[in-house]
There are 2 protein chains.
Amino acid sequence: MTSDLRRPERTFTIRNLCVEFRVTPRALRFYEDKGLLYPAREGLNRVYNHRDRARLQLILRGKRVGLSLAEIREILDLYDENDGGAAQMAKSLKKFRERILALEAQRDDIDGAIEQLRGGCDRMERQLTQLRPDLLPRAADYDQVLRARLDGVADNAHAE
Amino acid sequence: MTSDLRRPERTFTIRNLCVEFRVTPRALRFYEDKGLLYPAREGLNRVYNHRDRARLQLILRGKRVGLSLAEIREILDLYDENDGGAAQMAKSLKKFRERILALEAQRDDIDGAIEQLRGGCDRMERQLTQLRPDLLPRAADYDQVLRARLDGVADNAHAE
DNA sequence: GGCACACTTGACGTTAACGTAAGGGGCATC
DNA sequence: GATGCCCCTTACGTTAACGTCAAGTGTGCC
């Protein structure tokens, strides 16, 4: 039952993908409008195949890491278009490498921000341990957050 | 000469900070409008001190890691406001921890994206080595990018 | 045939984060 | 005293990424 999601011949309605990836139909149509997706049609209705679904995954991940739809489109195009000759591919390669450098810089930024926040946490924890140890959030609260995240992962487990 | 940047009593004009952090005056006034900054005044003119400058650094880093100005403001407020009692601090602590979890998730996303792009690079490199080894970008190009990044770092070296 | 439901297109509305233009004050300098 | 430069406020414009609403089509079901 989870295995027919794997069957490459399986297709998806717009709603299927919306539910699976928690986006709205409007968003998918918008991505299509912008040239990031081009699902087949059955009459008027859109029919998404596995390739479309994979592209959507890339789009959403791209968004999460802060890329604009235009940038994502460019990358997707590069992925596709590279039968247009070796020169094209060389250009794509360069752009990919640039993106990697940018992402690495961004990751360093994030690590810095995390450190900063951790410093703040430490200070506050020390203060609270001193003043009001009863107010210190304990393992119980923390577990809730972790559980929430794990649930989220479970939801999308088959989507990976 | 770089050392008077360190002197805590030193103040800055709006242009000083704009040049140093490569933002526009409009942006600084906008942040003030939104309550993220509140520099002193000398007549009508804004006068920024070291605390304002530090806040600006945090704002810009927050932006780079994808936080909205509203979220950044919330964090900054939490940093300040924590003389408002231990209860407040406990709430701040919780929010800080949430932010940390979110940032860690985002970093994992970025790592995933980097891996994906690296995979694409590898495939393209193999293809090119096969077909047109002359088109392979070489150390020279790569160094340029690195140099650009190092220059950027050097520009902001005293800002760290 | 009438109803519900999912899909479609088209068009206007919305929010965040500024950009930009208009109009004006303060101070140095030629 | 006119020019130039930096600062100010007010206010309207802009872009991205959708949200929302209107109006229409097609499909199954009772």
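Naming convention: chains lettered A, B, ... in sequence-line order (proteins, then strands); numbering from 1 in each chain. All values below come from the heavy atoms of this structure, side chains included, with hydrogens, waters and symmetry mates left out.
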Inset, instruction - Rounded to the nearest 0.5 Å, what's the gap from CZ on A/R118 to CZ on B/R97? Could you check? - result: 11.0 Å
Inset, instruction - Just do the ring-ring contact (aromatic ring centres under 6.0 Å, His included) check on B/Y79 and B/F96 with the steps written out, would you? - result: CA-CA 10 Å; B/Y79 251 110; B/F96 270 46; 5.3 Å; yes
Inset, instruction - Nearest whole angstrom, please: distance from the C1' of C/dC18 to the CD1 of B/I72. - result: 14 Å
Inset, instruction - Would you mind telling me which of C/dT8, D/dA17, C/dA17 lies closest to the side-chain atoms of A/R41? - result: C/dT8
Inset, instruction - Looking only at non-hydrogen atoms, find the nearest pair between B/R53 and B/E20 and report the distance. - result: NH2-OE2, 2.6 Å
Inset, instruction - Quickly work out the A/I14 CD1 to C/dA6 P distance and round it to whole Å. - result: 13 Å
Inset, instruction - Could you state the atom-to-atom distance from CD of B/E32 to P of C/dC18 in whole Å? - result: 14 Å
Legend entry - Closest to the B/R15 side chain, choosing from D/dA11, D/dC6, D/dC8: D/dC6
Inset, instruction - Using atom CZ of A/F21 as one end and atom P of D/dC18 as the other, report the distance to the nearest whole Å. - result: 15 Å
Legend entry - A/D33 CG to C/dG10 P, straight-line distance once rounded to whole Å: 9 Å
Inset, instruction - Using a cut-off of strictly less than 4.0 Å, decide whether A/T13 has a side-chain nitrogen or oxygen near OP1 or OP2 of C/dC7. - result: yes
Inset, instruction - Counting heavy atoms from C-beta on, name the nucleotide in C/dA17, D/dC18, C/dT8 closest to the side chain of A/F30. - result: D/dC18
Inset, instruction - Remember a base hit wins even if backbone is also touched, and classify B/K34 as base, sugar-phosphate or nothing at under 4.0 Å, heavy atoms. - result: nothing
Legend entry - Proximity to the side chain of A/A27 - top-ranked nucleotide from D/dC18, C/dC7, C/dA17: D/dC18
Inset, instruction - Please check the phosphate of D/dC8 (OP1 and OP2 only) for any side-chain N or O of B/R46 closer than 4.0 Å. - result: yes
Legend entry - A/E32 and A/R41: CA distance, side-chain angles, deciding distance, salt bridge (Lys or Arg N to Asp or Glu O under 4.0 Å) verdict: CA-CA 12 Å; A/E32 188 174 343; A/R41 297 293 180 122; 3.1 Å; yes
Legend entry - Sidechain N-carboxylate O distance under 4.0 Å for A/D80, A/R51: yes
Inset, instruction - Would you please confirm or rule out a distance under 4.0 Å between OP1 or OP2 of D/dC18 and any side-chain N or O of A/T24? - result: no
Inset, instruction - May I ask you to evaluate whether B/Y31 reaches the phosphate of C/dC18, defined as a side-chain N or O under 4.0 Å from OP1 or OP2? - result: yes
Inset, instruction - Would you mind telling me which of D/dA17, C/dA11, C/dG19 lies closest to the side-chain atoms of A/R26? - result: C/dA11
Legend entry - Among D/dA17, C/dC18, C/dC7, the one nearest A/S68 by side-chain distance: D/dA17
Legend entry - Nearest-angstrom distance from the residue atom CG of B/L28 to P of D/dC6: 16 Å
Inset, instruction - Give the rounded distance in Å between these two atoms: CD of A/E42 and C1' of D/dT27. - result: 12 Å
Legend entry - B/L44 CG to C/dC27 P, straight-line distance once rounded to whole Å: 11 Å
